[in-house]
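The structure under discussion appears below in the form of structure tokens.
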2 protein chains.
Amino acid sequence: MADLEHDPACADIGDELHFCRTCAFAAACLNSGYDKARLTRLHTLIEHTEILPRGARLFREGGPFSTIAAVRTGAVKTCRADAEGREQVLGFFLPGEVIGLNAIANGCYPCDGVVLEDTVLCQVSFASMADLATRMPALQARLFALLSEDIGRAGLLAGDFPARERLAAFILSLSRRYAARGGSATRLRLPMTWSDIACHLRLAPETISRQMKGFQEEGLMSVGRREVTIDDMQRLEALAGDMLRGLPA
Amino acid sequence: MADLEHDPACADIGDELHFCRTCAFAAACLNSGYDKARLTRLHTLIEHTEILPRGARLFREGGPFSTIAAVRTGAVKTCRADAEGREQVLGFFLPGEVIGLNAIANGCYPCDGVVLEDTVLCQVSFASMADLATRMPALQARLFALLSEDIGRAGLLAGDFPARERLAAFILSLSRRYAARGGSATRLRLPMTWSDIACHLRLAPETISRQMKGFQEEGLMSVGRREVTIDDMQRLEALAGDMLRGLPA
DNA sequence: CCGCCGCATTGACCTAGGTCAAGAGCGACA
DNA sequence: TGTCGCTCTTGACCTAGGTCAATGCGGCGG
């Protein structure tokens, strides 16, 4: 467990008395003057999973929804297959990010949830969370903000930017999200395959390969096996900033 | 005003004592056993705008967010321009649908809001709404559902479906949304131009034109100037259903 | 009633990126 | 340590859809 705690890409681990440092839910509450009883109440709603291995399915498209989950360590993708079996990756979830918000509307998941590397989640019954939010306006506000943020994130890929910009924006987004959680903004370990990225960005894996090569040749970044080091953040931001404009983290 | 009330594409008009029939907010509350005082309280938060003409801007990208709005009659698009001035249409909003949910996260709008035809809105301070939701769990649930639904809607265009399917799905989606509000599922008046549709679907206007022609030749639908009549719903659903799967309305 | 203007149509051509096919690394596991 | 199986790379070719340009047309203002 020690190695988990020292991996800068991981949220640290709370115990029965403390929230995880990057807890997606508590963050907004801790500074809102709630008494200990309420915080404890929120805390007791949260259940940690065991370590889930790569490939584990958290849920399947159409399955019943009842809990949302925050990634504590590891990474998860949500995806669905179209009629011809081609996979579409809706999103990737890094430590501190919340999975399942798109299932609230229908009460069932519109996509599969798949673990990308050894992962631990914090799970919360959404109904209990909403009920508690009734008594903790800051928690309610936090939930609204999380939902709203996801609208923007989901819409990112709707635009018709060229492959190059979509990939740049994807990498910059990863960088910002890791950095916001206390990780490195320039050295990124990628928990997903080229193929996953391709399905997410609506590109062929070959295109990812070629664009990555291009970035490297231009000195924008160094690309290794499942890792990227950003060498020229300025230029990367110039390339992708337009697409990411208006997004937090 | 009489013509508004009889246009099946329009939500009917509430007065100071009654909600609009298709009110996006009240729907979930009316059958939840709230007392008159609470419903009145919700009702008094809602302000109707004057008739806004085509082209009016409701808000601009980066502008401060404080109210959400439901379309009462008319139609609105949200859009933004990328660095080269090419427009991206994030979404269209028909009577009964709620605008501005993607602005909650940041407190400022990530896009412009533009009126497409004479439009009346119901506006509500989001802060007041959230405060009231604290005391009306069904209202809170409704808000969560609206937000969550928008995540799915925003992600629709992320997939790489061919032009033909994207356009079919768009038309089917319009049909379902009008039908859900009591309008016709087969005869659609389109409040937006071909260009707007193109910017939304990440296509060139010429492609819309050609695909529409194709649909018409195949007997799928009859396409007129700013209107479409669906002639073969079965085949349209077969064509677009996969893309829309898992979406309400 | 006429002329203008923005939207829609149509055809010819072009290109970004997909597809196909053939390797090359690298890790896992026996 | 060898082999199997992914994942990634690279090159050749192809196509969906974009772009450009010319034309039609309906609505609106004068």
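Here is the naming used below: chain letters follow the sequence lines, and residue numbers restart at 1 for every chain.
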* Structure fact -> Of dC8(D), dG18(C), dG17(D), the nucleotide closest to the side chain of Arg210(A) is dG18(C)
* To do: Measure from the side-chain heavy atoms of Glu206(A) and tell me the nearest of dC8(D), dT10(C), dG11(D).
  => dG11(D)
* **Exercise: do Thr73(A) and Asp118(A) side chains pair donor with acceptor under 3.5 Å** => no
* **Length of the CG-C1' vector between Leu116(B) and dG6(C), whole Å** => 16 Å
* Lys213(A) side chain near dT10(D) phosphate (N/O to OP1/OP2, under 4.0 Å) -> yes
* To do: Could you tell me whether Arg226(B) and Glu117(B) make a salt bridge, using a distance below 4.0 angstrom between a side-chain N and a carboxylate O?
  => no
* Could you say whether Ile208(B) or Pro205(A) is positioned toward the 5' end of DNA chain C, judged by the nucleotide with the nearest heavy atom to each? => Ile208(B)
* **Whole-Å gap separating P (dT19(D)) and CD (Glu84(B))** => 11 Å
* Asked: Roughly, in whole Å, what's the span from CZ in Arg164(B) to P in dG17(D)?
  -> 11 Å
* Nucleotide dT9(D), atom P - distance to CD of Glu217(A) in whole Å -> 12 Å
* For Glu61(B), does its backbone N or O pair with a side-chain atom of Arg80(B) as donor and acceptor, under 3.5 Å? -> no
* May I ask you to decide if Gly224(A)'s main-chain N or O and Glu227(A)'s side chain share a donor-acceptor pair within less than 3.5 Å? => no
* Asked: Has Trp194(A) got a side-chain N or O lying under 4.0 Å from the OP1 or OP2 atom of dC6(D)?
  -> no
* For Arg226(A) and dT7(D), what is the distance between atoms CZ and C1' respectively, to the nearest whole Å? -> 8 Å
* Structure fact -> Of dT9(C), dG26(D), dT7(D), the nucleotide closest to the side chain of Thr193(A) is dT7(D)
